[in-house]
Number of protein chains: 4
Amino acid sequence: MERFELIVQTLFESNNLTEKQRQILKAAVQLFSEKGYAATSTSEIAKLAQVAEGTIFRHYRTKKELLLAIVGPFMEKIADSYIVNDLTNLLKKDYQRPEDLLSAIIENRRDIIVQFLPLLKIILQELPFHPELREHFLQLISDNMYHRVVEVINDYQQKGMLKKLPPTAIAKFAITNILGHLFTRYVLFPHLEWDDVRDTEQLIQLIMNGIGNSDSKVES
Amino acid sequence: MERFELIVQTLFESNNLTEKQRQILKAAVQLFSEKGYAATSTSEIAKLAQVAEGTIFRHYRTKKELLLAIVGPFMEKIADSYIVNDLTNLLKKDYQRPEDLLSAIIENRRDIIVQFLPLLKIILQELPFHPELREHFLQLISDNMYHRVVEVINDYQQKGMLKKLPPTAIAKFAITNILGHLFTRYVLFPHLEWDDVRDTEQLIQLIMNGIGNSDSKVES
Amino acid sequence: MERFELIVQTLFESNNLTEKQRQILKAAVQLFSEKGYAATSTSEIAKLAQVAEGTIFRHYRTKKELLLAIVGPFMEKIADSYIVNDLTNLLKKDYQRPEDLLSAIIENRRDIIVQFLPLLKIILQELPFHPELREHFLQLISDNMYHRVVEVINDYQQKGMLKKLPPTAIAKFAITNILGHLFTRYVLFPHLEWDDVRDTEQLIQLIMNGIGNSDSKVES
Amino acid sequence: MERFELIVQTLFESNNLTEKQRQILKAAVQLFSEKGYAATSTSEIAKLAQVAEGTIFRHYRTKKELLLAIVGPFMEKIADSYIVNDLTNLLKKDYQRPEDLLSAIIENRRDIIVQFLPLLKIILQELPFHPELREHFLQLISDNMYHRVVEVINDYQQKGMLKKLPPTAIAKFAITNILGHLFTRYVLFPHLEWDDVRDTEQLIQLIMNGIGNSDSKVES
DNA sequence: CATGAATGAGTATTCATTCAT
DNA sequence: CATGAATGAATACTCATTCAT
């Protein structure tokens with residue numbers, strides 16, 4: 001409960017939503033992530049949000065518009081501001097080694113990443129079925145994140161701390177591993193027992209082996 | 001069309017299905033993968049399969065049973081026999097270096113992996129929503145694949161060709177990267193332009209950097 | 001038409017039903033009594049009630065709930081208030097002889113009994129198939145009617161006008177004969193020609209012979 | 001199980017039925033009486049009878065024809081032969097007093113009456129909805145039973161043992177009470193505790209009070 | 001703004017019945 | 001004779017959406 005409250009609050013802090021609107025968004029995020037978009041009915045959302053069915057459609061003309069009202073801002077705000085700001089901030093801290101940056105991204109902010117997992121889950125579920133979403137997502141990534149990430153990677157490459165591979169490949173590799181791990185950890189098999197500290201350490205090590213220069217390679 | 005025909009034929013070659021059954025399965029695989037399980041109606045399946053709606057329910061008592069009739073055999077047959085046999089066969093061929101094995105797994109059999117992508121997509125979509133599926137999946141992996149994979153990894157480790165990391169971590173890392181790449185390539189953004197040969201090479205190189213011993217590391 | 005209108009109006013006078021609700025109940029009473037509960041489809045009810053099928057389910061979550069919404073209130077209101085009040089009123093009128101009471105119950109109120117015959121028919125049809133209904137029915141009878149009826153019977157017994165048989169047996173005997181007659185008359189063979197005045201007279205005479213004291217016995 | 005076997009065997013002893021046919025009829029009687037005709041599906045019957053669905057329709061062209069195949073013979077054979085023969089037999093035994101005859105009808109043959117209760121239940125359930133059935137039923141009663149019953153009643157009336165009421169009224173009164181009692185006892189509330197010996201005694205006494213002459217009246 | 005009754009197309013599933021084997 | 005796969009209309013019920021209040 002608390003959890004979805006927080007998501008909506010964080011995501012829509014700037015918009016001034018009515019109480020009803022917040023309740024609707026909260027309920028929608030919860031149900032979409034728990035049962036999937038198609039398997040969630042607007043009446044369920046209304047019931048959980050404690051509003052009349054009509055109220056939903058006063059604010060969002062269709063069910064799909066409600067989905068986009070959740071996923072859109074998330075992609076924009078999060079992808080754009082959160083992570084990018086993060087990266088900028090992290091950059092300022094002048095992490096000497098890329099593994100420190102990775103570690104900071106994963107470890108220091110694990111709770112924030114985890115916080116938004118329901119939204120990530122929704123996006124991953126729906127991306128394949130909504131071409132506009134996919135377009136939007138791609139554009140956001142290429143417009144905002146790509147340059148920043150490439151910048152950071154270039155920086156490290158010039159310091160000789162990353163292999164001279166194409167930055168795109170490095171980025172994709174790092175992201176795949178981080179998201180893949182989080183997905184396995186929190187979406188696929190959240191009920192398994194995990195040793196998060198050790199797993200993250202190992203993950204970073206493996207990623208760095210992959211993209212780091214020999215100097216920074218860590219043998220076990 | 002051709003494509004889903006092939007999937008069903010390959011997957012259910014042993015079962016002797018009636019023509020109608022094959023049509024139903026074919027249509028279901030296509031629609032489930034294209035629109036998602038929940039967003040596909042049984043009447044759509046019937047129409048595409050060119051059978052009466054009642055016919056579906058003669059063979060599969062519920063829509064969910066139809067899903068399981070597709071996903072179950074896939075997980076069993078493929079996970080169990082296909083990939084395992086593959087690994088065994090590949091092992092016999094005595095791939096000198098693990099990157100050759102990886103390359104063989106990815107490249108030589110890309111078409112087969114690609115062939116079953118619709119099913120993979122269905123599984124990835126539905127796994128989070130069907131606990132029994134998740135259980136089943138987990139058990140199949142741990143029962144069949146785990147030991148084989150660990151065996152192979154041990155072998156290479158003893159030959160000094162893989163780092164002395166826990167085989168589980170190595171396996172998870174490799175699988176994450178392979179599936180992550182395929183997912184990005186074929187599910188998320190199939191419409192982007194990809195240079196498959198170069199991408200695969202790069203992927204293997206990155207994975208190997210991660211898990212391989214210095215000797216086998218390839219600088220770019 | 002008129003007839004079912006009246007039933008619903010009388011039965012649900014206290015509840016303030018919407019127009020649609022009244023139409024639905026009216027149609028349901030008509031069809032359930034004419035074709036039986038199981039043989040009546042919700043779409044037929046909707047059509048006859050001139051509402052959308054969904055409207056039925058907005059008010060009554062299931063078809064069975066609709067049945068209970070009809071049968072429940074009838075059993076409660078009628079069994080509880082109608083007949084009991086009747087008896088009380090009748091009692092106040094100080095019918096000297098029990099046959100006068102019987103006659104009043106049957107004859108004076110034949111139209112009311114006849115008015116609710118469709119509902120009686122529904123109850124008799126469905127009672128065997130719905131244990132909860134049976135329970136409910138039994139409880140209503142034992143809770144409300146039993147004591148009143150026993151009271152009346154006791155009264156007459158003390159006046160020496162009824163045999164000193166167990167009041168339960170007397171009650172069951174009288175009710176069986178009254179309902180049995182009405183059932184034969186109006187449900188089984190309504191199309192036969194009946195001489196209601198004579199038949200009722202005869203019925204009362206027979207009942208009274210059965211339970212009355214010799215003094216009040218009437219020879220033909 | 002045993003029970004429905006017996007019904008079918010007794011009812012169709014003359015017809016030479018195949019094993020399958022007997023199983024179908026047995027299953028149909030059971031299900032029709034337990035759930036009602038409309039609420040019973042042919043596939044249920046087929047399953048319980050352990051025959052293919054098609055087999056039912058080979059013998060009975062429609063579901064309704066199956067109903068008539070059960071109810072028709074019952075009405076004919078039972079109404080015609082059983083009860084009539086009974087009455088004849090009973091008549092021959094020269095029951096001195098009508099209450100002895102009544103007692104014989106009810107008590108001595110209670111098991112047989114009870115044996116066919118499922119069929120009685122079916123008939124009572126379906127009679128209101130199938131006009132042909134009702135016609136058939138009426139005709140059987142008036143053709144076969146009426147004269148016999150009137151004969152017996154006349155006999156007792158001439159012996160001064162029954163009131164000089166119209167035989168029809170006497171017959172209806174007796175039958176109503178017997179059937180009404182059995183219906184209450186075995187169909188409506190079979191789960192209540194009943195003292196059959198005492199109840200029957202009381203019932204006969206009440207009936208006799210109603211129709212018997214003062215001489216044979218029994219005070220309690 | 002919010003409501004919730006109303007809608008009718010759509011849902012998964014069951015039905016009685018047919019017919020080729 | 002018996003089967004059971006096949007049918008498509010029908011079933012009870014749900015859906016997203018509208019609109020008068």
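Order of the sequence lines fixes the chain letters, A, B, ..., with proteins taken first and strands second; residue numbering starts at 1 for each chain. Given the structure is predicted, the values throughout are model-derived calculations rather than measurements.
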- Task: With sequence neighbours left out, write down each residue that passes side-chain hydrogen bond (donor to acceptor under 3.5 Å, both in side chains) with B:Thr42, or none if nothing qualifies.
- Result: B:Glu53
- Message: D:Lys47: which residues meet the side-chain hydrogen bond (donor to acceptor under 3.5 Å, both in side chains) condition with it, sequence neighbours left out?
- Response: none
- Item | D:Glu44: side-chain contact (heavy atoms from CB on, under 4.5 Å) partners, not counting sequence neighbours | D:Leu31, D:Lys35, D:Thr40, D:Ser41
- Per-residue pairing states of DNA chain E in dot-bracket (Watson-Crick or G-U under 3.5 Å; . unpaired, | other strand) read .||||||||||||||||||||
- Message: For D:Tyr37, does the six-membered ring have the charged nitrogen or CZ of D:Lys64 within the cation-pi criterion, i.e. under 6.0 angstrom from the centroid and within 45° of the normal?
- Response: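 Not flagged: D:Lys64 not positioned over aromatic ring of D:Tyr37.
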Those residues that, when tested against [X], pass salt bridge (Lys or Arg N to Asp or Glu O under 4.0 Å) (two or more places apart):
{"X": "D:Arg58", "value": "none"}
{"X": "C:Glu135", "value": "none"}
{"X": "C:Glu34", "value": "none"}
{"X": "B:Arg22", "value": "B:Glu19"}

- Report the residue (D:Ala52 or C:Ala38) whose heavy-atom-nearest nucleotide on DNA chain F is the more 5′ of the two.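 Result: D:Ala52.
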- Item | Closest-nucleotide ordering on DNA chain F, the 5'-leading residue of C:Thr42 and B:Glu19 | B:Glu19
- Covered region of DNA chain E, 5' end to 3' end, by chain B [heavy atoms, under 4.0 Å]: E:dT11 to E:dT14
- Message: It should be established whether C:Ser41 places a side-chain nitrogen or oxygen under 4.0 Å from OP1 or OP2 of nucleotide F:dT11.
- Response: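 True: C:Ser41 side-chain N/O within range (under 4.0 Å) of F:dT11 OP1/OP2.
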Contacts under 3.5 angstrom, residues 121-128 of chain B side chains, donor-acceptor by atom type, not counting sequence neighbours:
residue, atom, partner, partner atom, Å
B:Lys121, NZ, B:Ser33, O, 3.4
B:Gln125, NE2, A:Gln125, O, 3.4
B:Glu126, OE1, B:His130, NE2, 3.0

- Query: Can you list, by residue number, the residues of residues 53-65 of chain B that have a non-hydrogen atom closer than 4.0 angstrom to DNA chain F?
  - Reply: B:Gly54, B:Thr55, B:Arg58, B:His59
- Query: For residues 7-29 of chain B, which residue pairs qualify under ring-ring contact (aromatic ring centres under 6.0 Å, His included), counting only residues two or more places apart or in two chains?
  - Reply: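 Sorted pair list comes back empty.
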